[in-house]
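Notes follow once the structure below has been shown.
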There are 4 protein chains.
Amino acid sequence: MVPQPKSEIRKEQILKAAMKTFAHKGFHDATISDVAREAKISDATIYEYFSSKEELLFSIPGKTTRKHKEELESILEFLRGAADKVRCIIHRYFWFFENNPDYASVTMLILKQNRKFLEMPAYKDVQDLSRLVLHLIKEGMATGEFRADINPYLVRAAILGTIEHLVGAA
Amino acid sequence: MVPQPKSEIRKEQILKAAMKTFAHKGFHDATISDVAREAKISDATIYEYFSSKEELLFSIPGKTTRKHKEELESILEFLRGAADKVRCIIHRYFWFFENNPDYASVTMLILKQNRKFLEMPAYKDVQDLSRLVLHLIKEGMATGEFRADINPYLVRAAILGTIEHLVGAA
Amino acid sequence: MVPQPKSEIRKEQILKAAMKTFAHKGFHDATISDVAREAKISDATIYEYFSSKEELLFSIPGKTTRKHKEELESILEFLRGAADKVRCIIHRYFWFFENNPDYASVTMLILKQNRKFLEMPAYKDVQDLSRLVLHLIKEGMATGEFRADINPYLVRAAILGTIEHLVGAA
Amino acid sequence: MVPQPKSEIRKEQILKAAMKTFAHKGFHDATISDVAREAKISDATIYEYFSSKEELLFSIPGKTTRKHKEELESILEFLRGAADKVRCIIHRYFWFFENNPDYASVTMLILKQNRKFLEMPAYKDVQDLSRLVLHLIKEGMATGEFRADINPYLVRAAILGTIEHLVGAA
DNA sequence: AATGAATGAGGATTCATTCAT
DNA sequence: AATGAATGAATCCTCATTCAT
């Protein structure tokens, strides 16, 4: 572990509090005061680290999503066969969301329906993963691992939709 | 068609405007003024028909969901076989959401994450449909139409999740 | 007097309160609550009539400056001779400011140093009057009423500057 | 030049930055951070030298006005005749303000309308100069240099007002 | 039934100021 | 002497909601 500068630690602390608070109350119903209270700092301090409530929200996925994606990619390198890879992705997804339920709430319920977020770089990682799944399905169809008469887009929707449905209901 | 009292018509007009406005701006970002403008009435008039902004939101599913569910049930009576029935449900869902995109937005993005709504009677219809799907899957498993080694809960999640994923992405 | 719509009366009431409050406390030190208290209405009501504190400030000169300018112009029509006209302007200025000390404070101390205001149409009236004085001085020089070796710009500065100095000191 | 203690130099540096910043942005719109940035020091350091933002503002005239006044007085000793003296004062004023535009902005636009400042010792120098002008006018009237039927107060207002008008418009 | 007018309550944000290091 | 970090206090502004007409 590289020692982090103090301000980074504080930033993480705020993000964690924000994640928890937003997940439980929703973005609009949660106030900056709520987040500050959760983080045990003052309202004003939050603004030393994030310029607005919205920027705070958008900063939540940050490194986490990227890390999740990168870890996944590094694991996939060791696997052969599209089916195994897809299975691994599904598994990781569940494992990740189960261990980060607040993160799941924020990304799936709050960020997903925010138009501005859909245009932000952090959203690219989500799209990358989605594209990867599609790619693997096509690959599996080509190698004969999967049936050739399936609609890969529909299959992807089934995979991701099922995960979301199960995680969202949790 | 039974002639409706005037006030019912006005109520529908407001609900329609609310549905459109909430769908496009989100519940919090849409103001009562926005809804009133869309309905071409004054803010105060809305409060003659609905006691609060939240009640207005919760009133949107109202008859529509019930009607959707009832129509579905009446159609299903004419079908034999679980597979056909499930297929019919899926088909109706898509057909309904495609023809009522604002309704889809409101129910899937806004209401679903509102805890209070999950305790309201209108939500019961959603649950009923969900239970029906589960029931049909089990039925199909029993009759041998579906494989017996599937997890019916997972299959239901796959069906509903896929629909939601596809509709939500639209 | 044409009867004014109610909302115009309320607007005037707010403007009057704002003028008094801003004159006594300065724009920044005066709060919307101060103005509201002076007008004996609630803070929120101010925003029904003016979109922001700054717009409220900029609305103060409004009709008053225009009226002042127009009255002056109509009087000047009856006068012959540049000297008389200039004297009349000076007289009116003093008379006006003495009878509207808060207005004088707001326009001379607050608005004058606001860059945004200098680009607003209301400021045009101020400039018009300044130009008129210059024009009259030049006219008097041409007709021989005033000495021909004076610098008209300097004389104008002397006239307006003296007025401002005396009014500002009051 | 007497060598100044280091802390005096730092104080000057801050005052210079404050003068520039206040002149350009106005007292209220300029933040302590703005001043600190201009002075290339931290916010907190300013408070090592000045107890509050307002004290910082009030400290700007400080030595400068006094020096200006004293230089003027020493020059005037060499002049004979009220007219020459008044002319000299006017000349010095313009020369000074032209070479110190930020100082002019701060004293004429910001400090002048601050009631607290009018009660501070630094303001005394301004008044002294104003009184001196009045005194010279009266002197000139007594010696016959100036017409005896003028209103000395009005003439003083004309002199100072003209200067202010021209400098303020610059 | 309909609404113009008014407002209470609340929230995001800013910034001068403090203080431990 | 210098400052990074933290915050209390304030203020603008929004908006759901009420009510007299």
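Order of the sequence lines sets the chain letters (A, B, ...), proteins ahead of strands, with each chain counted from 1.
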Any chance you could encode DNA chain F as dot-bracket? Rule is Watson-Crick or G-U wobble with both distances under 3.5 Å; [ ] for pairs crossing earlier ones, | for another strand. .||||||||||||||||||||

Using 30° and 60° as the class limits, which term best fits the ring planes of A:Phe117 and A:Phe58: parallel, tilted or perpendicular?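 Answer is tilted, since the angle falls between 30° and 60°.
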
Using chain D heavy atoms and a threshold of under 4.0 Å, write down where along DNA chain F the contacts begin and end, 5' to 3'. F:dA1 to F:dG4

Here's a test of your reading of the structure: between D:Lys40 and A:Ala44, which maps to the more 5' nucleotide of DNA chain F? D:Lys40

Relative to the 5' end of DNA chain F, which residue comes earlier, D:Arg10 or A:Ile46, by the nucleotide with the nearest heavy atom?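 The answer here is D:Arg10.
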
With nearest nucleotides of DNA chain E determined for D:Ala30 and A:Asp43 from heavy-atom distances, which residue corresponds to the more 5′ nucleotide?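 On the 5' side of the pair lies A:Asp43.
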
Hey, which sits more toward the 5' end of DNA chain E by its nearest nucleotide, D:Lys53 or B:Ile41?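 Nearest nucleotide further toward 5': that of B:Ile41.
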
Would you check, one step at a time, whether the test side chain to side chain donor-acceptor pair (under 3.5 Å) holds for B:Asp102 with B:Ser105? CA-CA 5 Å; B:Asp102 291 341; B:Ser105 285; 5.3 Å; no

Can you confirm whether B:Lys53 is buried at NZ, in the sense that more than 12 heavy atoms of other residues, nucleotides or ligands lie under 6.0 Å from that atom? yes

Quick one: does any side-chain atom of B:Gln113 pair with a main-chain N or O of A:Leu109 as donor and acceptor, under 3.5 Å? yes

Closest approach of B:Leu56 to B:Ile14 (non-hydrogen atoms, all atoms of both residues):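 B:Leu56 and B:Ile14 have their closest heavy atoms at CD1-CG2, 3.9 Å.
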
Quick one: [X] [atom1] to [N] [atom2], roughly how many Å, whole number?
{"X": "A:Arg37", "N": "E:dG11", "atom1": "CZ", "atom2": "C1'", "value": "12 Å"}
{"X": "C:Tyr47", "N": "E:dG10", "atom1": "OH", "atom2": "P", "value": "18 Å"}
{"X": "C:Ile32", "N": "E:dA12", "atom1": "CD1", "atom2": "P", "value": "20 Å"}
{"X": "D:Phe27", "N": "E:dC15", "atom1": "CZ", "atom2": "C1'", "value": "12 Å"}
{"X": "C:His28", "N": "E:dT14", "atom1": "NE2", "atom2": "C1'", "value": "12 Å"}
{"X": "C:Ile14", "N": "E:dT7", "atom1": "CD1", "atom2": "P", "value": "10 Å"}

For B:Phe27, all residues meeting ring-ring contact (aromatic ring centres under 6.0 Å, His included), sequence neighbours excluded: B:Phe22

Can you tell me how far the CG atom of C:Asp29 sits from the NE2 atom of D:His28, to the nearest 0.5 Å? 4.0 Å

CG on A:Asp125 to NZ on A:Lys67, rounded to 0.5 Å: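 Rounded to the nearest 0.5 Å, the NZ-CG separation comes to 13.5 Å.
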
For [X], which contact category applies under a 4.0 Å heavy-atom criterion: base, sugar-phosphate, or nothing?
{"X": "B:Phe50", "answer": "nothing"}
{"X": "C:Thr31", "answer": "sugar-phosphate"}
{"X": "C:Ala36", "answer": "nothing"}

Against the six-membered ring of B:Phe50, is B:Lys11 placed for a cation-pi contact (under 6.0 Å from the centre, within 45° of the normal)?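 The answer is yes, since B:Lys11 meets both limits relative to B:Phe50.
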
